[in-house]
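Source: prediction; values computed, not measured. Naming: A, B, ... by sequence-line order, numbering from 1 per chain.
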Amino acid sequence: MADVGRLKNPSLIGPLLNPVMRLRIVIIVAVVALWEIVAVSGWLFRDVVPSWQRIIASLAATLSQGDFYFHLWATVYEIAVGLAVGGTCGLAVGILLGGNRLLSQSFESFLYYLGPTPKIIFFPVMIMWFGIGPGSKMAMGAISCFFPIALSVAAGMREIDRVLIRVGRSFRLSTGQMVTKIYLPAMRAPILNGVRLGLGVALIGTLLAETKLSNRGVGFLIIQSYNTFDMPLMYSLLIVLFALAIGLNSIIGWFAESDRMRR
Amino acid sequence: MSGLSKSLTRSALRPVLIGVGSLILFFIFLEFAVRFGLINQFAVAPPSDIVKAFPRLFAEEHVGDRFLDTAFEAVIASVFVALFGISAGVLLYKVRILRLATETWVAAFAAAPTVLLYPLFLVIFGRNATTIIMMGFVAGLAPVTLKTLEGLSTTRRVLVNVGRSFNLTEWQLFWKILFPSALPTIFVGVRLGLVFALINIVGVEFLINFGGLGALINELSERFDLAGTYAAICFVILVSVMVFMTTERAERWLTSAG
């Protein structure tokens with residue numbers, strides 16, 4: 001009886017025989033096959049959809065070149081500095097707004113409504129302020145991630161257990177001590193959530209700025225491959241870029257999840 | 001009673017006055033800082049020059065027509081987003097195995113930096129409005145699909161049971177019970193989709209220097225028209241805030257009505 005039950009229950013059958021997994025494999029195979037058919041069919045202009053073989057060869061060649069890692073490092077560095085600056089400012093503003101009702105009522109709506117504006121339109125201003133070098137890309141990353149982090153931290157501040165704040169005050173903690181000993185430890189989850197959101201938009205802001213005006217970075221390589229119509233290279237760079245975005249997002253997600261499990 | 005309402009009005013007005021007053025003070029400080037050389041006048045335009053540039057934007061740069069171009073692209077993209085997103089959501093709701101296999105993919109697609117695909121779309125569609133509309137469509141599709149699925153899945157069981165007790169057909173059950181019940185959540189998705197689409201549309205217009213408001217900012221900055229660039233950025237922010245506020249009000253109205 002037990003054997004029959006095991007065979008009937010898909011979750012107990014091997015993962016590859018699971019109907020959901022089988023459907024996923026079918027969809028992936030169908031997409032790859034459709035791609036190859038379009039690649040060899042001649043329906044689109046030549047090379048607009050190159051074969052997977054050429055894309056994988058280009059990806060391998062890209063990953064084996066030292067030059068690529070120079071550009072990758074430039075992008076990662078710009079994103080990291082942008083996230084650090086925008087995140088620190090967002091954290092400070094979020095704590096201020098979340099900790100003071102009047103400030104929140106007076107200024108938080110500005111952040112709330114400015115948040116969904118397309119940040120790339122500030123790029124000409126950033127060029128005037130910080131030049132055409134990496135500074136303007138870092139600034140784009142900082143502006144992009146400032147809003148989600150500030151709003152997330154402000155919301156997190158309001159969720160802190162009042163008992164914890166009263167305990168801090170009863171111990172006569174200074175403002176700095178309140179921030180480091182009470183506010184930040186109590187707001188780990190919203191901060192990590194804000195950083196997760198902020199990282200995604202900082203990556204977009206930095207890379208879009210690189211595609212617009214730059215001489216280094218993965219965004220620059222992508223727009224160069226577009227300008228030279230090297231489509232296999234463009235596809236391989238986009239694969240690297242999406243892998244980078246998913247990888248960074250997963251790392252912060254893992255941190256957030258392990259923090260949640262610990263509590 | 002009158003004293004209470006007066007104090008309530010005063011307490012509600014105070015934050016608004018502080019917010020707007022601080023903004024005005026900031027602009028006055030900026031004006032003097034630029035005029036007296038504390039801030040580089042080639043980096044920041046004096047606010048009075050920005051205000052003066054607005055009539056020029058309408059008279060010489062035809063910002064009204066540019067706005068209509070962007071609005072047209074946003075409307076077309078939103079219609080496609082609503083049509084395909086809602087259909088995909090309904091399909092995933094109806095075919096359970098498809099939902100189990102692809103829901104995480106759709107969620108990952110919603111979080112992916114799809115705007116970075118714009119060079120690919122340029123190659124496929126060319127440097128024209130189709131690329132911009134498609135970029136808007138791609139940005140808005142996943143949120144509408146996910147919210148439609150959520151809305152349909154969270155329909156109260158009792159409503160569905162009432163429908164079944166009236167012997168409604170599957171078609172009638174969907175149109176009379178499931179869809180009306182899911183409509184407020186679907187609208188949240190459509191609103192998110194519209195906002196994402198608009199962000200991508202203006203962004204791509206700026207990046208490829210084609211179309212409406214985004215391209216206008218790019219052109220003005222390339223001409224080193226500092227006051228005009230700042231004025232155009234302010235105009236885009238105003239439009240973006242107004243769209244966001246209007247759709248938010250509509251969402252609140254629909255949610256309260258539902």
Side-chain angles (χ1 to χ4, degrees), chain A residues 19-27 44-45 47-49 101-110 112-125 127-130 196-197 200-201 203-204 207-208 211-212 218-219 222-223 225-227 229 231 234-235 237-238 241-242 245-246 249, chain B residues 12 14-23 40 42-44 97-98 100-102 105 108 111-120 122-124 195-196 198-207 213-214 217-218 220-222 224 226 229-230 232-233 236-237 239-245 248:
Chain A
V20 173
M21 191 54 74
R22 266 187 308 203
L23 181 62
R24 282 181 177 162
I25 292 167
V26 167
I27 292 171
L44 295 171
F45 288 117
D47 277 356
V48 168
V49 177
R101 198 155 165 246
L102 184 65
L103 283 179
S104 165
Q105 286 175 336
S106 304
F107 298 108
E108 202 167 324
S109 54
F110 291 148
Y112 181 70
Y113 287 114
L114 275 176
T117 53
K119 306 295 173 312
I120 190 67
I121 60 168
F122 295 104
F123 189 49
V125 176
I127 292 173
M128 288 172 212
W129 291 3
F130 301 104
R196 195 176 182 178
L197 290 171
V201 287
L203 186 132
I204 292 173
L207 278 145
L208 283 183
T211 62
K212 184 69 180 167
V218 179
I222 290 173
I223 209 69
S225 62
Y226 165 74
N227 288 332
F229 205 71
M231 293 309 292
M234 188 204 276
Y235 281 104
L237 288 168
L238 286 171
L241 191 59
F242 275 78
I246 293 166
N249 195 33
Chain B
R14 203 167 151 225
V16 178
L17 288 175
I18 291 174
V20 176
S22 306
L23 207 62
N40 188 342
F42 297 108
V44 179
I97 192 165
L98 193 63
L100 291 172
T102 59
W105 291 356
T114 46
V115 67
L116 295 164
L117 294 173
Y118 85 90
L120 185 62
L122 276 178
V123 171
I124 296 171
V195 171
F196 289 166
L198 196 64
I199 291 174
N200 265 19
I201 283 169
V202 175
V204 175
E205 279 180 349
F206 170 79
L207 289 163
L213 296 170
I217 295 173
N218 189 56
L220 290 166
S221 70
E222 283 181 357
F224 295 104
L226 198 61
T229 306
Y230 276 93
I233 290 172
V236 171
I237 291 172
V239 169
S240 167
V241 168
M242 280 170 70
V243 169
F244 192 68
M245 284 173 93
E248 194 182 42

- Query: Which atoms form the tightest heavy-atom contact between Tyr226(A) and Pro119(B), and what is the distance?
  - Reply: CD1-O, 3.7 Å
- Message: Quick check on Val195(B) against chain A: is it the side chain, the backbone, both or neither that has a heavy atom closer than 4.5 Å?
- Response: side chain
- Task: Pick one of side chain, backbone, both or neither for Leu197(A), based on which atoms fall under 4.5 Å of a heavy atom in chain B.
- Result: neither
- Task: Kindly indicate whether the side chain of Phe244(B), heavy atoms from C-beta on, has any atom under 4.5 Å from the side chain of Thr117(A).
- Result: no
- Query: Which bit of Tyr113(A) comes within less than 4.5 Å of chain B, counting heavy atoms only: side chain, backbone, both or neither?
  - Reply: both
- Message: What part of Asn218(B) gets within 4.5 angstrom of chain A, counting heavy atoms only: side chain, backbone, both, or neither?
- Response: side chain
- Rounded to the nearest 0.5 angstrom, the CG-CG distance for Leu237(A) and Leu120(B) is 12.0 Å
- Query: Looking at Met231(A), Arg101(A), Lys119(A), which makes the most heavy-atom pairs under 4.5 Å with chain B?
  - Reply: Met231(A)
- Message: Please classify the contact of Leu98(B) with chain A as side chain, backbone, both or neither, using a heavy-atom distance under 4.5 Å.
- Response: both
- Item | Contact origin within Val123(B) toward chain A - heavy atom pairs under 4.5 Å | both
- Item | Side-chain touch Ile97(B)/Pro19(A), heavy atoms, less than 4.5 angstrom | yes
- Looking only at heavy atoms, which two atoms of Pro118(A) and Ser240(B) are closest? And how far apart? CD-OG, 4.4 Å
- Which atoms of Ile223(A) come close to chain B, meaning under 4.5 Å heavy atom to heavy atom: side chain ones, backbone ones, both, or neither? side chain
- Item | Leu116(B) side chain near Ile222(A) side chain, heavy-atom distance below 4.5 Å | no
- Item | 4.5 Å side-chain heavy-atom contact, Pro124(A) and Ile217(B) | yes
- Query: In terms of heavy-atom pairs under 4.5 Å with chain A, which of Phe224(B), Phe42(B), Trp105(B), Phe196(B) leads?
  - Reply: Trp105(B)
- Query: Would you say the side chain of Tyr118(B) lies within less than 4.5 Å of the side chain of Thr211(A), judging by non-hydrogen atoms?
  - Reply: yes
- Count the heavy-atom pairs under 4.5 Å between each of Leu213(B), Leu220(B), Leu117(B), Val16(B) and chain A, then report the option with the highest count. Leu117(B)
- For chain A, the option from Leu17(B), Leu23(B), Ile18(B) that forms the most heavy-atom pairs under 4.5 Å: Ile18(B)
- Message: Need one label for Tyr230(B): side chain, backbone, both or neither, based on atoms under 4.5 Å from any heavy atom in chain A.
- Response: side chain
- Item | Side chain, backbone, both or neither of Leu208(A) within contact of chain B (heavy atoms, under 4.5 Å) | both
- Item | Sub-4.5 Å side-chain heavy-atom contact between Trp129(A) and Asn40(B) | no
- So what's closer than 4.5 Å to chain B heavy atoms on Phe110(A): side chain, backbone, both or neither? side chain
- Message: Could you report the tightest heavy-atom contact between Phe242(A) and Pro113(B), atom names first, then the distance?
- Response: CZ-O, 3.6 Å
- Query: What distance separates Ile121(A) CD1 from Ile237(B) CD1, expressed to the nearest 0.5 Å?
  - Reply: 5.0 Å
- Task: Check whether Glu205(B) gets within reach of chain A through its side chain, its backbone, both or neither, counting any heavy atom under 4.5 Å.
- Result: neither
- Note on the structure: Interface check, chain A: of Leu198(B), Leu207(B), Leu100(B), most non-hydrogen pairs under 4.5 Å belong to Leu207(B)
- If you count heavy-atom pairs under 4.5 Å with chain A, which of Val115(B), Val20(B), Thr229(B) comes out on top? Val115(B)
- Which residue out of Val243(B), Thr102(B), Val44(B), Leu122(B) racks up the most heavy-atom pairs below 4.5 Å with chain A? Leu122(B)
